[in-house]
Amino acid sequence: MELPCGVSKSTYAQDMAVIHTRTQWGLLGILFAFLCVLPFFLNSLWLGIVIHTSIVLIAVLGLHILTGLCGQISLGQAAFLGVGAYASTLLCAKLNFPLPISIIGAAIFSGCFGIIFGLPALRVKGFYLAMSTLAAQFIIIYLFIHVRFAGGSQGLFVPIPQFLESKINLYFIIMGTAVLATAFAKNISRTKAGRIFVAIRDNDLAAEVIGIRLSYYKLLAFFICSLYAGIAGALYSLYIGHINYEHFSLMDSIWYLGMLVVGGLGSTSGAVFGVIFISLLSKGTSLLAAQMPILGPQVASTIGIIVFGLILVLFLIFEPRGLSHRWEIFKKFYRIWPFSY
Amino acid sequence: MNEMAENNAILKVENLELSFGGVQALKGVCLDVKQHELLAIIGPNGAGKTSFMNCVNAFYHPQEGRVFFEGRDITNLRPDQISRLGVSRTFQNIQLFVGLSVVDNLMAARHFKMNYNWLEGAFYFGRARRAEVENRRIVEDIIDLLELEPVRKQVVETIPYGLRKRVDLARALVQDPKLLLLDEPMAGMNAEEKEDMARFIIDVYELWGISAVLVEHDMSVVMDIADRIAVLDFGREIAVGTPEEIKGNPKVIEAYLGKAAE
């Protein structure tokens, strides 16, 4: 990592900080201010898109920890969102828990579910693990339909407190959670657990030799990933008001993985870039296609997926390290511009 | 005398037998490493040197025989448990975490010295923050010792082979080992890099007073820095002794060095 010139550090704590310069603090402040005033300038369609994007961001950050850092591919993230959504709704509606407690409860419940479906990771890696998480996706959806109190294929209505009827309040809750989730993900990735996850991803044999308990940390990665998914799912249920199994499909799991790849596997900023880029792109193309009657309704409704597939392929070929790598290159260029020698 | 040596041994290996299918890699190897001793293991390719190391840190589990570390039977422990007891190793073909920077590779190796959980890490506050900074200081001492300062923030993927070998040694050293297993630390290096590496090994060995097992093919290095040398051939231990004794041992010359030229 390189820094602007004139930045000197005299303690390790300074060297290990994420934010080094006043300009960076300033930009962060501007970003927060922007996020605070944003909902007042958006119509309800775009506010919905921003809220949905923030929820997806939380889910993808979880996947970033599991797949990006720890290298365990999961094709079942959407199902864990579902676990969070159902658990929070049931805790709230059937057991009358207050909302914050049911969200936290749902997150922990989803995390524990993640541990169960993470158990195959102790024996299998790579492609085989991807298959077993795919099984998780289908088993969990099956449970949503067939477990008695989950409302079958009709799904459940989510009791929404009056306070959250207003989309703007909901925006602040969800955006606040997404910002915290990003900060936590960044901190996890730069501390002990994050380094151990990357060690397992890069060389699991050497990781064991330096004293890492693989089983514990692999399951921890699954737990944290599903914890994030659980929170995202609980918030999602508040956003849509009615949940059923169709909201948590395999296609969504693949979108999440694709966002991570486009953003750049293994970097927190990559997860953020990927989610924003793909979400806006797919929504943007859908809206644009709707404006062009020549495409016909069937193309218009699927154009988002087509563009997603195209973008994913283009990134895999031309920039497998994702947007975050491009961002690093841009920052480097900008720092020394216009005197590039 | 024998009694004394036994009490002094930090590592004691008894009658190690290891085979893969029909191939017998180790046939009844008995060795001990005394406190503050640098034991070199030499032998032709396929003699079982690396297998021996893999048995000590439980990468392989021997079919027979026992391994004692500081008097404790560690034969059936897992590799991660053995590393926590104070046995660290380097690898013949470097096994670093290529996606992490040099500093992070070393910090990762100190994980069991950091007494906080992932949730505290997520907040990066209090105990977690203090542990990170404190361990960074220790890691920097090793970086200083092994002269890795210029590359400390570079991702391991981007640094050259000779430096990677040094990072591999650094990663073993940051764990404060009592016993260091060095598997061909000088393989593939040029003369200057070899000298540097030998200097680092001697520095650590003398400064910290640790014990080490060194597997190496470069005879001049081995003869220079080892206190004792054990010779393996086809999984059998054919000689143990000081460098002088080994040089003159006819069995060794026959098995390893070829016919005496002098």
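Below, chain A is the first sequence line, B the second, and so on; all start at residue 1. Scope of the values below: all heavy atoms of this structure, side chains included, with no hydrogens, waters or symmetry mates.
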**Complete:** When the 4.5 angstrom heavy-atom criterion is applied to A:Ala193 and chain B, the contacting part is side chain
**Prompt:** Under 6.0 Å from the CZ atom of A:Arg321, do we count more than 12 heavy atoms belonging to anything else shown?
**Reply:** no
**Complete:** Here the gap from B:Trp118 atom CH2 to A:Phe184 atom CZ, rounded to the nearest 0.5 Å, amounts to 9.0 Å
**Fill in**
Counting heavy-atom pairs under 4.5 Å with chain A, the top scorer among B:Gln175, B:His111, B:Arg136 is B:His111
**Fill in**
Honestly, the part of B:Asp104 sitting under 4.5 Å from a heavy atom of chain A is both
**Request:** Identify which part of B:Phe91 has an atom lying under 4.5 Å from any heavy atom of chain A, answering side chain, backbone, both or neither.
**Result:** side chain
**Request:** Compare every heavy atom of B:Val98 with every heavy atom of A:Asp202, then report the nearest pair and how far apart it is.
**Result:** OD2-N, 3.4 Å
**Request:** Would you mind checking which part of B:Phe59 comes under 4.5 Å of any heavy atom in chain A, side chain (CB onward), backbone (N, CA, C, O), both or neither?
**Result:** side chain
**Message:** Can you tell me if B:Phe125 has over 12 outside heavy atoms packed within less than 6.0 Å of its CZ?
**Reply:** no
**Request:** With a 4.5 angstrom heavy-atom cut-off, could you sort out which part of B:Tyr124 is near chain A: side chain, backbone, both or neither?
**Result:** both
**Request:** Might you confirm whether atom NZ of B:Lys113 has over 12 heavy atoms from other residues, nucleotides or ligands at distances under 6.0 Å?
**Result:** yes
**Message:** Taking side chain as everything from C-beta outward and backbone as N, CA, C, O, which of these in B:Leu96 sits under 4.5 Å from a heavy atom of chain A? Side chain, backbone, both or neither.
**Reply:** backbone
**Request:** State the OH-CD1 distance between A:Tyr12 and B:Ile138, to the nearest 0.5 angstrom.
**Result:** 11.0 Å
**Message:** Within residues 58-74 of chain A, which residues come under 4.5 Å of chain B, heavy atom to heavy atom?
**Reply:** none
**Message:** Under 4.5 Å from any heavy atom of chain A, what part of B:Arg137 do you find: side chain, backbone, both or neither?
**Reply:** both
**Residues, nucleotides or ligands: over 12 heavy atoms within 6.0 Å of B:Phe20 CZ** = yes
**Asked** Is chain A contacted by the side chain of B:Arg78, its backbone, both, or neither, given a heavy-atom distance below 4.5 Å?
**Response** side chain
**Message:** Minimum heavy-atom separation for B:Arg129 and A:Ala13, please, with both atom names.
**Reply:** NH2-CB, 3.9 Å
**Request:** Write out, in numerical order, the residues from residues 207-235 of chain A with a heavy atom short of 4.5 Å from a heavy atom in chain B.
**Result:** A:Ala207, A:Glu208, A:Val209, A:Ile210, A:Gly211, A:Ile212, A:Arg213, A:Leu220, A:Phe223, A:Ile224, A:Leu227
**Complete:** B:Thr158 meets the side-chain hydrogen bond (donor to acceptor under 3.5 Å, both in side chains) criterion, sequence neighbours left out, with B:Gln154
**Request:** Could you tell me the separation between the CD1 atom of A:Ile196 and the CE atom of B:Met114, rounded to the nearest 0.5 Å?
**Result:** 8.0 Å
**Any pair counted as side chain to side chain donor-acceptor pair (under 3.5 Å), so long as it reaches residues 185-200 of chain A, sequence neighbours left out** = A:Asn187-A:Arg190, A:Arg195-B:Glu132
**Item:** B:Ala128, part contacting chain A, at a heavy-atom distance under 4.5 Å
**Value:** neither
